[in-house]
Amino acid sequence: MENFTYAHNDTSNGERNTVTAQFNKPRLSPKIKAVRGEAFKAEIPVSNDETLNFLITLVCALKPLNVLELGTAVGASGAVMLENCPSAHLTTIERDENFYNAARENFAALGLCNRVTLICGDAGKEIEKLDGGFDFIFLDCAKAQYIKYLPRLKSLLKKGGVLVADDVLLYGYVTGEAETPKKRKMLVQHIKEYINAVTTDEALATTVLNVGNGVALSVKL
């Protein structure tokens with residue numbers, strides 16, 4: 001899985017365990033548990049337990065109607081958001097055709113097809129085609145592209161809408177908890193650029209949280 005170096009492996013051996021991870025376990029339907037289980041076995045990138053639990057809590061509080069996800073993988077996180085927001089519609093983008101096909105099958109098996117617009121393509125190109133008006137955006141695709149996508153995502157987000165970027169602490173490389181491998185220094189720099197952008201943007205209110213592999217939560221003012 002060279003294109004998904006930062007995939008979330010089985011959370012029983014979590015990639016980055018925070019001190020609160022022991023308390024933050026998501027309540028999932030048996031069908032979604034099965035989807036995640038198969039993904040973990042194949043080392044396909046799906047959100048770890050703590051991040052998924054945070055996502056569930058957030059969408060339950062916000063009750064978004066229009067959700068955009070960048071990085072579908074096999075559809076686990078998207079399905080969780082839909083199950084916890086019965087009135088929501090999800091637009092989700094995945095560049096890998098195999099993952100796209102798996103997600104389509106999973107959404108069908110979960111009875112969610114009529115609430116999903118599933119797009120196969122490069123996220124940077126596909127978001128330019130969208131009309132906007134999203135209440136909630138979950139950014140979980142190529143981490144180096146976060147900073148590039150930010151201006152367009154801001155324009156797609158409604159006032160008062162929430163943008164959540166996953167994996168922004170990247171194994172502790174970004175915070176200095178762990179030494180950054182030489183080949184990851186540029187990636188860390190791009191993520192730091194994203195964090196700096198969202199935390200200094202006067203049009204956003206942002207908090208970076210030590211949840212899972214790190215999330216940046218931004219509200220459009």
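A distance of 13.5 Å separates CD1 in Ile195 from NE2 in His190, rounded to the nearest 0.5 Å. Within the model, atoms CG of Leu130 and CZ of Arg152 stand 6.5 Å from one another, a figure rounded to the nearest 0.5 Å. Between the SG atom of Cys141 and the CG atom of Asp166 there is a distance of 10.5 Å, given to the nearest 0.5 Å. From Ile137, atom CD1 reaches atom OG of Ser218 across 10.0 Å, with rounding to the nearest 0.5 Å. Taking CD of Glu50 as the start and CG of Asn210 as the end, the distance is 7.5 Å to the nearest 0.5 Å. Put simply, CZ on Arg184 and CG on Leu170 are 8.5 Å apart, with the number rounded to the nearest 0.5 Å.
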When you look at Arg104 and Asn101, which way does the side chain to side chain contact (heavy atoms under 4.5 Å, CB included) test go after all the steps? CA-CA 5 Å; Arg104 184 174 57 185; Asn101 290 331; 3.1 Å; yes

Please evaluate residues Leu169 and Val208 with respect to the criterion side chain to side chain contact (heavy atoms under 4.5 Å, CB included), reporting the C-alpha separation (whole Å), side-chain torsions for both, the decisive distance (0.1 Å), and the verdict. CA-CA 9 Å; Leu169 300 185; Val208 177; 4.1 Å; yes

Could you walk me through whether Thr91 and Asn66 satisfy the side chain to side chain contact (heavy atoms under 4.5 Å, CB included) test, starting with their C-alpha distance in whole Å, then the side-chain angles of each, then the deciding distance to 0.1 Å, before giving a yes or no? CA-CA 8 Å; Thr91 300; Asn66 293 301; over 6 Å; no

Could you go through the side chain to side chain contact (heavy atoms under 4.5 Å, CB included) check for Val168 and Val174 one step at a time? CA-CA 7 Å; Val168 297; Val174 174; over 6 Å; no

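Taking 4.5 Å as the limit, every side-chain heavy atom of Phe138 sits out of range of all side-chain heavy atoms of Leu90. A heavy-atom distance below 4.5 Å is found between the side chains of Ser47 and Asp140. Counting heavy atoms from C-beta on, the side chains of Thr18 and Val211 never come closer than 4.5 Å. The side-chain heavy atoms of Tyr146 and Ile191, taken from C-beta on, include no pair separated by under 4.5 Å. By the 4.5 Å heavy-atom criterion applied to side chains, Asp49 and Asn53 are not counted as neighbours. You'll find the side chain of Lys185 stays beyond 4.5 Å of the side chain of Gln189, heavy atoms only. Contact check for Phe99 versus Thr72: no side-chain heavy atoms found under the 4.5 Å cut-off. Within the 4.5 Å cutoff, the side chain of Arg36 has heavy atoms near those of the Leu52 side chain.
A donor-acceptor distance shorter than 3.5 angstrom exists from the side chain of Asn106 to the backbone of Ala102, with no hydrogens or angles considered. Distance alone, capped at 3.5 Å, is enough to place a donor-acceptor pair between the Lys220 side chain and the Lys154 backbone. When atom types are taken as modelled, the side chain of Asn213 and the backbone of Tyr171 share a donor-acceptor pair closer than 3.5 angstrom.
Of the options Thr92, Val67, Leu110, a side-chain contact (heavy atoms from CB on, under 4.5 Å) to Val116 is made by Thr92 and by none of the others. Among Leu65, Leu153, Leu163, Leu68, the one residue that satisfies the side-chain contact (heavy atoms from CB on, under 4.5 Å) test with Phe134 is Leu68.
Here the closest heavy-atom approach between residue Pro64 and residue Val59 is recorded as CD-O, 3.5 Å. Here the closest heavy-atom approach between residue His89 and residue Arg115 is recorded as ND1-O, 3.1 Å. Closest approach of Ala216 and Tyr194 over heavy atoms only: CB-CE2, 4.3 Å. Pairing each heavy atom of Ala73 with each of Ile44, the nearest pair is CB-CG2, 4.3 Å. Of all heavy-atom pairs spanning Ile93 and Ala123, the tightest one is CG2-CA, 3.9 Å. When every heavy atom of Gln22 is checked against every heavy atom of Lys25, the shortest pair comes out as O-CE, 3.9 Å.
Residue-environment remark: CD (Glu97) stays at or below the threshold of 12 foreign heavy atoms within 6.0 Å.
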